[in-house]
Amino acid sequence: MLNLSGLNPPQRQAVETLSGPLLVLAGAGTGKTRVITFRMANLIRHGIRPDRILSVTFTNKASREMRERALKLLGSRVKAKPVVSTFHAYCVRVLREDITALGYPKGFVIYDRSDQESAARTALREIRVGDKAMKPGDLLNKISSWKMSGLTENQAGEYAEADFDALAAMAYRKYQKQLRASGAVDFDDLLLLTSRLFKEHPEILQKHQAKFDHVQVDEYQDTNGVQFSLVENLVQGHQNICVVGDDDQSIYGWRGAEVQHILNFGGHFANTKTIRLENNYRCTNRIVEYANRLVRHNRNRHEKKLIAHKPDGSPVRILAFEDETQESENVVKEIAYLITELSVRPKDIAILFRTNEQPRLFETEMRRLNVPYVLLGGQSFFDRKEIRDLLAYLKVLAAPRDEVSLLRIINTPARGIGATTTEKLVQLAVSQGKSLWEVVPEGIAAGIVPKQAQAALSDFRNLLVRFRDVMLEHPRDLADHVRRLLRAIDYNGEIDKQYKDETQAEQRKAVLEDLVNSIGQYVEKNKSPTLEGFLETTALMDRDDKSDKDSELADNAVRLMTLHSAKGLEFPRVYLVGMEENLLPHRRSVESDLEKDIAEERRLAYVGVTRAMDYLTLTRAKARMKWGKRRETVTSRFLFEMQKEPGETLNEEHVGGEEDELFDASAPKQTLTSLFDADDNPPF
Ligand code: ATP
Ligand code: MG
């Protein structure tokens, strides 16, 4: 029996609205995610088959949590599983079934960011533009924004006015051609191709429409045009669509997300029922006040009420440090103290930052003081060289046409297939319009490569063919095959060569073992495992999610993460660090000085502040190293905006320097404990 008593009246109303278009537009921490989780359970209780409800979340982690919670709410065992997935994962499902209708191979591979970067680099080389003139990353961002606004590689050039755009458009064509030749799609293609499939093949659309009676979308403020059209298409018949979101938390404008989709929802779907939630159950009253004051500075927003359900709580602290070293040292010292002396659980603490450069110092300190931590949204498990190498092998085994992966492994570990040989093969492939893999035998036979390389090439090819066959035939033994593959290519030998330091070498090997373990786990969990299926699970972990594996390893760890990856989450204690102009707001927005860019940064800060349940600490460094030089920083405008009175001087504590050693390194405990006057209400 589903108990709805843990819901307030408007939440309950949303949970009990079981058909037609429904919009829940509400501020942070008001229970939007809770509403769609309960609603899923309620639909099931009303007899809807779980597998006929599609719920879309922003990350894979969020989908797992939601599915588990909904099932728990129902208590009894439910036969079928509700479908909870990200937009991208949903699209992969559709494309695996029907992509051939668009002329793509069924066994297409999905390029992740680093595969994309290789492809972008090649594309730039082909049009003779150096890495310096255009960074592969910048090209990819441009391509992504074209794709998300529906411009194909042939249309992009027509709109290109600036030189950069004209070059990027040329590179876009090359990039796309390369992906096609490799039977590969990138993340944006997943959305675009699905959308095209639905538009161009009505019978396929109908088939997919018929699979779900209800669709729900969390974090709806961050959907872009392509995602919107997917949803619209899917629910065309029954109009059973429930979306929840907060326009103040729209933070993916740079990825093409448009707040307008949530604000115009009622215009798109006739008879939309709109429900507003006003009680914030997450944050203390003081934190909510900070958040409210901040976001009020954005124009063009839906005025919303956000009322704290919790009492005032501890004051929000603003700490100013002499420089970034002091900032990281003191924050981490305090965290270490909280964990060891006050038994705070590490996972209840999060350090949030705007840019990927910020966590390094904090990590160093964490390691020095032995504080367990996990970095989310940064360089992660799947970005390590060893993992990338092994995954490239697996990708080639799954889809030999995948050129980016093939080039990565053709001479890794070194096997005497030099750059000249590969270059010749690539030329041969281009001139014949074939894939690199296809021309390998010709390359060997025609003797266009040196003798020694011929033998190496033919061994390499045979090895791959052999492993491909056994993996296809005995997918249940996938982990064993991979272990054998690693032995066959002597990857450990390569690690020993690269890392003279034994512990380092051991660590690298352990990382590989982890991957093999995760293959084992994948096989256990799946009725019909395949190599492609495994690769899909790794490819689909979006960037923010990729260190999930790490976090499983260190479930009891302090969270270090970017503001973007903190969306939707909550922590009892939050440190929002680097509250400075050019960090938050980000330098790009300060330089452009466009109202809309600053507004998006403000929303990011709002997301950060509202992640905190009980304790919020905002920090800044008065000086920071920039290209090896110490420079004075400027206090973030957002700190001023959060103050009670406009123009008020900041109510901040200055830490470090000569006059005030709040966190005296020589006696951290005494100084900190002396702050606990009221025992049960420490100031942090
Ligand atoms: P965000 O905008 O950050 O995604 P949200 O609106 O999705 O936030 P939730 O994460 O669903 O909010 O809820 C925030 C917190 O408040 C959660 O810990 C949730 O369990 C709690 N909560 C929500 N509604 C209630 C309620 N009626 N009673 C008690 N706790 C609640
Ligand atoms: Mg939420």
Side-chain angles (χ1 to χ4, degrees), residues 99-100 103-111 115 118-119 121-123 125-126 174-185 388-475 477-478 480-491 493-494 530-532 534-535:
I99 199 170
T100 46
Y104 277 80
K106 216 180 177 72
F108 64 90
V109 282
I110 305 165
Y111 273 6
D115 298 327
S118 314
R121 220 167 280 128
T122 311
R125 228 181 1 249
E126 280 177 27
K174 298 280 181 198
Y175 170 87
Q176 216 50 25
K177 201 169 146 205
Q178 201 185 334
L179 262 64
R180 282 241 162 192
S182 295
V185 302
R388 299 215 55 84
D389 283 349
L390 181 52
L391 285 177
Y393 269 94
L394 299 183
K395 283 182 192 168
V396 173
L397 289 169
R401 279 168 60 185
D402 176 356
E403 198 162 303
V404 165
S405 302
L406 184 55
L407 284 173
R408 184 175 180 105
I409 61 167
I410 198 162
N411 201 34
T412 304
R415 51 172 69 87
I417 305 176
T420 340
T421 301
T422 7
E423 197 62 31
K424 284 201 172 127
L425 289 174
V426 170
Q427 273 167 14
L428 189 65
V430 172
S431 70
Q432 300 200 356
K434 288 185 180 164
S435 76
L436 183 57
W437 174 254
E438 282 172 308
V439 300
V440 168
E442 288 172 54
I444 301 171
I448 56 163
V449 307
K451 261 246 144 39
Q452 193 201 352
Q454 279 180 18
L457 260 182
S458 119
D459 286 349
F460 175 63
R461 186 171 190 282
N462 291 341
L463 174 100
L464 291 181
V465 170
R466 186 155 48 94
F467 273 97
R468 182 173 153 83
D469 288 347
V470 289
M471 284 182 180
L472 285 176
E473 246 171 75
H474 305 285
D477 304 326
L478 204 53
D480 279 338
H481 299 318
V482 174
R483 210 170 294 126
R484 250 173 259 138
L485 170 72
L486 282 170
R487 225 173 305 146
I489 59 175
D490 191 23
Y491 200 89
E494 176 74 7
T530 59
L531 177 57
E532 273 163 22
F534 171 72
L535 287 172

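It should be emphasised that the depicted structure is a prediction, and the values quoted were computed from it without experimental measurement.
The structure places CD1 of Ile489 at 7.0 Å from CG of Leu390, a figure rounded to the nearest 0.5 Å. To the nearest 0.5 Å, atoms OG1 (Thr422) and CD1 (Ile410) are separated by 6.0 Å. Within the model, atoms CG of Leu397 and CG of Leu391 stand 11.5 Å from one another, a figure rounded to the nearest 0.5 Å. Between atom CG of residue Asp459 and atom CG of residue Asn462 there is a gap of 6.5 Å, rounded to the nearest 0.5 Å. For the atom pair CD1 of Ile448 and CD of Gln427, the computed distance is 8.5 Å after rounding to the nearest 0.5 Å. The distance from the CD1 atom of Ile99 to the NZ atom of Lys106 is 9.5 Å, given to the nearest 0.5 Å.
Within the 4.5 Å cutoff, no side-chain heavy atoms of Leu179 are placed close to those of Val185. Using a 4.5 Å heavy-atom cutoff, the side chains of Phe467 and Val396 are not in contact. Residues Leu457 and Leu425 are in side-chain contact: their nearest non-hydrogen atoms beyond the backbone lie under 4.5 Å apart. Using a 4.5 Å heavy-atom threshold, the side chains of Trp437 and Glu403 count as separate. Contact check for Tyr393 versus Leu486: no side-chain heavy atoms found under the 4.5 Å cut-off. Contact of the His474 side chain with the Asp480 side chain is not registered, since no non-hydrogen atoms from C-beta on lie closer than 4.5 Å. The shortest distance between side-chain heavy atoms of Arg180 and Tyr104 falls below 4.5 Å. Contact annotation: the side chain of Ile444 never approaches that of Val449 to less than 4.5 Å [non-hydrogen atoms, C-beta and beyond].
Taking both residues in full, the closest heavy atoms of Pro105 and Gly183 are given as CG-CA, 4.0 Å, listed atom of the first, atom of the second, then distance. Nearest heavy atoms, Ala456 versus Arg415: CB-O, 3.1 Å. Between Gln178 and Ala123, the closest heavy-atom pair is OE1-N, 4.1 Å. Ser118 and Val404 get closest at one heavy-atom pair: CB-CG1, 3.6 Å. Scanning both residues, Ala453 and Thr421, for their nearest heavy atoms gives CB-OG1, 3.7 Å. Looking at every heavy atom in both residues, Ala398 comes nearest to Glu532 through CB-CG, 4.3 Å.
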Quick one: do Val482 and Met471 satisfy side-chain contact (heavy atoms from CB on, under 4.5 Å)? Show the steps, please. CA-CA 9 Å; Val482 174; Met471 284 182 180; 3.9 Å; yes
Is there a side-chain contact (heavy atoms from CB on, under 4.5 Å) between Leu407 and Val426? Walk through the geometry before answering. CA-CA 9 Å; Leu407 284 173; Val426 170; 4.2 Å; yes
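A donor-acceptor contact closer than 3.5 angstrom links the side chains of Gln432 and Glu442.
Under the side chain to side chain donor-acceptor pair (under 3.5 Å) criterion, Ser435 pairs with Glu438, not counting sequence neighbours.
The backbone N or O of Ile417 sits less than 3.5 Å from a side-chain atom of Asn411, completing a donor-acceptor pair.
Each of Ile110, Leu394, Thr530 was scored for a side-chain contact (heavy atoms from CB on, under 4.5 Å) with Leu535, with one residue passing: Leu394.
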